Every structure is written in C-alpha cells, then in structure tokens.
Amino acid sequence: MPTPLIIDTDPGVDDAVAVVLALRSPEVDVRAVTVAFGNVALGFTLPNARKLLALAGRTDVPVAAGAARPLVYPQAEEAADWHGADGLGGRAASLLAEAPLDPRPAVDVMTEVLRQAAEPVTIASIGPLTNTALLLATHPELVGRIGRIVVMGGSLGAGNTTGAAEFNVYADPEAAHRVLTQVDVPVTLVPLDLTMRCAAPGPWVDALASGSAVGAALADILLAYRAAFRERYGRDAVALHDAVALLEAIVPGTLRTTPLPIRVACDHGPARGATVPDGRPDAPGPMVHVALDADVDAVLEEIARRLRD
C-alpha cells in the first residue's frame, strides 16, 4: 500500500521539482498539498502549488492555504533573487491551468487527512515549518497518526540566507524549534550539508528538458535558478534541495542519517535560525535523524528517472 503523504511547501523552483516527483512516485499517495509563505509571499506560493498539480495532471489532490507569516515575528527575508518574483523563475504565467483550491485552512485539511488515513501519514515539510508546527501544537490528539516528518531545512555548517541559517528555518525559527524538539513524531532533517552535494549538473537539467512535456516545463522553471547558481557558485548546476528531501520521504533509507539532538537559535543575534547539533555521546533531548550522507549519483538518477517516466 502506498504511504499517505502530505506535502507542506512554499513553491519555489526546487519545490516544483519535488512536488512533481512525489506525484509521479507509486510508493506514496499524496493526500494534500498545504502551502505557506516562504520563497515568495503566500499570494504567489498558493497559485504556484495549484499550477504544479495541474501540470502533473493531479487536480484531484486538495490544495489549501496555510500561514501567510511566521508564528511570532515578521518574515525577515524572501528568496525572489533565486526563485523569481513569481516564485517559479518568472515562468508562472506560462502555466495556465490551476487545480481547484480547497477553501479550508491548511491545518484543517491536514487534520482530515490524518483522521481518515488507515495507516501512519508522512508529512514532507519543504518550506517554513509554520503549518506543521501549528498542526502539532493544536492537534496533539493526532500526532500518533503521523508516521514521520521529513524536513528540508537547516545546516550544520554555513547557511545560505545568513552566515549561520538556512532559508526554511530562518523564515520561522520558532516553528522549526517546535518541530525539531518535540518527542512525539520521528523527524528526518535533510540539511544543506547534503543537499548542496546533490546539486544536479547542467546536463542533468538538459536531459530533463528533453524527456517529456512536464520535464520541459520544469527545466524552463529552473532556467533562472540555474543562472543564479552559476553566478554565485561558479558552476553550471541547480540545487534540488526539496526534491532530495522528498525522495527520502518517498523511499525511506535513501539518505543515510545520524541521530542528533538539534536546537534552533531563536534569538535576534547573528545566529538566528541556526540549527545547532549536540554531538556529545550523552547529549540529552529528542533525537533528530539528520541526513548527512548519500550516494549522490544514485539520488540524482532516481529523481531523473521518476521525472522522465
């Protein structure tokens, strides 16, 4: 039986690849896509999610609007320089069809999926963790129905938004701390330390463009992102952060994990949003399964295969 899956996202260029990847994977049954602010404002991320479901031919999947801002403090930064002002690399207008909008709040849709599922549900949180944190906080009676939460976020080394912080965690550190320090649901964290190593080279994107109409649309969305990556890092590639995390949600064990307690810096100093591991052998606190290693070539080939088929 396919694993029930909720995707909580903020599309986002790499989110686009991740959402289509999940929809094309028979191991999971995508029961809902919930949307938050993040790479761009909710007014863009929500229609982007609807467009991506239509692109993948899955207008049957409920799409619901969630948080428009963080739990506590205003959002400090968006990522339009990477994702374009529209969130899809300037190509959102080229995707004309949209899946229907479920009028209920995202948390209500998430709770319905959990109540109706006959087996544990995986939640893939590949944007700010606001919606997921709200779900855990407001419906503790349902946490036993969540099999695990797979998070794309954080960094044990350098950040990509500040010197210390990765974007998804920096967007709402309080929400990230709520999810990563709770004891009720297992969490797998897929940080920059691994996703940057899984950057797809230019020929991978070119092959995606020639594989199918959907692949061509995704490659088109990736064009500006690819140029920005080349400008910053000096190589022709794209970082598929969210798709790497989604592949782990789809096929557990794809990534090799290390159990570590993780705390999130929620102060307002230069380390705000940093994910801080405690590597002591006797470190207290709930363990997060941090993905730090993988067969990079195999990961990229598996993502490509599912997007081609």
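For the single chain, residues carry numbers from 1 onward in sequence order. Model, not experiment: these values are computed from the prediction.
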Are Y73 and H268, when compared by the centres of their aromatic rings, separated by less than 6.0 Å? yes
Give the other cluster members for F44, using side-chain heavy-atom distances under 4.5 Å between Ile, Leu, Val, Met, Phe, Trp and Tyr residues; answer none if it is isolated. V40
Interatomic distance, CZ@R178 vs CG@L71, rounded to 0.5 Å, equals 10.0 Å
Got a donor-acceptor contact below 3.5 angstrom from the D86 side chain to the A92 backbone? yes
Could you tell me if R148 and T188 have a donor-acceptor pair between their side chains, going purely by distance under 3.5 Å? yes
Taking CD in E231 as the centre, count heavy atoms belonging to other residues, nucleotides or ligands within less than 6.0 Å. Is the count above 12? no
Looking at R256 and E248, is there a salt bridge between them, counting it only when a charged N and a carboxylate O are closer than 4.0 Å? no
On a heavy-atom basis, the closest approach of V299 and C198 is CG1-SG, 4.5 Å
Cluster partners of V276, using ILVMFWY side-chain heavy atoms under 4.5 angstrom, listed by chain and number? none
Hey, does the side chain of T132 reach the backbone of L129 with a donor-acceptor pair shorter than 3.5 angstrom? no
From CG (N168) to OG1 (T130), nearest 0.5 Å: 9.5 Å
For R280, give me all partners under side chain to side chain donor-acceptor pair (under 3.5 Å), at least two apart in sequence or on another chain. D278
Residue pair R272 / P173, side-chain heavy-atom distance below 4.5 Å: yes
When rounded to the nearest 0.5 angstrom, what distance separates CG in L21 from CD in E302? 8.5 Å
Give me the one residue out of T122, D184, L135, I6 that meets side-chain contact (heavy atoms from CB on, under 4.5 Å) with I146. L135
With rounding to the nearest 0.5 Å, note down the distance linking CG in L307 to CG in L240. 9.0 Å
Residues R226, D206: salt bridge by 4.0 Å N-O rule: yes
Looking at CZ of R308 and OG of S210, how far apart are the two atoms once the value is rounded to the nearest 0.5 Å? 9.0 Å
Show your reasoning for whether side-chain hydrogen bond (donor to acceptor under 3.5 Å, both in side chains) applies to D10 and T45. CA-CA 5 Å; D10 63 332; T45 60; over 6 Å; no
Rounded to the nearest 0.5 Å, how far apart are CD1 of I7 and CZ of R31? 13.0 Å
Spell out, as yes or no, whether a donor-acceptor pair under 3.5 Å connects the side chain of H83 to the backbone of G12. no
